[in-house]
Amino acid sequence: MGVPHEVKGEVPVAFVILKAEARPSPELERELVKKGEEAIGPIARPEKVFFVSDVPKTRSGKIMRRILRRLLRREPLGDLTTLMNPEAVEELKKIVGYVG
């Protein structure tokens, strides 16, 4: 997900859902960033990695990128009635520091 950046214009940010046995840590974040750099290149290095339990999805299971983008940009979220899991939005608000 791209978010505005003062100097670079836009930078990637990652939302990562871990398997049950995995635990978030600074070491894991560095490892994920490194893997992303190796796979895509340094241009795609995430500025921030958010470890989350879920992301907002439609009832058909598609990720609602619009909601993620608006959370990161501190924009109004709009209509959330079509979400399969509205509780994910509440968790994400706390994680990214959304005030809206």
Quick check for you: to the nearest 0.5 Å, what is the distance between R66 atom CZ and L71 atom CG? 10.0 Å
What pair of heavy atoms forms the shortest contact from N85 to K57, and how long is it? OD1-N, 2.9 Å
Taking atom CG of L68 and atom CG of L92, what is their separation to the nearest 0.5 Å? 6.5 Å
Contacts of E75 that satisfy salt bridge (charged side-chain N to carboxylate O under 4.0 Å, His left out) - sequence neighbours left out: none
For a 4.5 angstrom cut-off between non-hydrogen side-chain atoms, does M1 reach L72? yes
Closest non-hydrogen atoms of R73 and G2, given as atom of the first, atom of the second and distance, are NH2-O, 3.7 Å
Quick one: are R74 and V99 in side-chain contact, heavy atoms under 4.5 Å? no
With a cut-off of 6.0 Å (strictly less than), are more than 12 heavy atoms of other residues, nucleotides or ligands near NZ of K34? no
Is there a path of hydrophobic side-chain contacts, each under 4.5 Å between heavy atoms of I/L/V/M/F/W/Y residues, joining V3 to L77? yes
Determine the minimum heavy-atom distance between E47 and V11, stating which atoms define it. CB-CG2, 3.6 Å
Should we count CZ of R65 as having more than 12 external heavy atoms under 6.0 Å? no
Measure from the side-chain N and O atoms of R45 to the backbone N and O of E37, and report whether any donor-acceptor pair falls under 3.5 Å. no
For E21, does the CD atom have more than 12 heavy-atom neighbours from other residues, nucleotides or ligands under 6.0 Å away? yes
Applying the 4.5 Å side-chain criterion to the ILVMFWY set and letting contacts propagate, would V96 and V89 be lumped into a single cluster? yes
Short side-chain to backbone donor-acceptor contact, R30 and S25, under 3.5 Å: no
Rounding to 0.5 Å, atoms CZ (R23) and CZ (F51) come to a distance of 12.0 Å
For the residue pair L18 and L28, establish whether any side-chain heavy-atom pair is separated by less than 4.5 Å. yes
Which distance, rounded to the nearest 0.5 Å, do you find between the CG of L32 and the CD of E27? 11.5 Å
Write down the atom of D54, the atom of E91, and the distance for their closest heavy-atom approach. N-OE1, 4.0 Å
Measuring from atom NZ of K35 to atom CD1 of I40, what distance do you get when rounded to the nearest 0.5 angstrom? 13.0 Å
Are L80 and V55 linked, directly or through other ILVMFWY residues, by side chains that come within less than 4.5 angstrom of each other? yes
So, for S53 and I17, which heavy atoms are closest and what is the spacing to 0.1 Å? O-CG2, 3.8 Å
Gap between atom NZ of K94 and atom CD of E90 - 0.5 Å precision: 7.0 Å
Cluster question for you: counting only ILVMFWY and a side-chain heavy-atom cut-off of under 4.5 Å, with indirect links fine, are I67 and M84 together? no
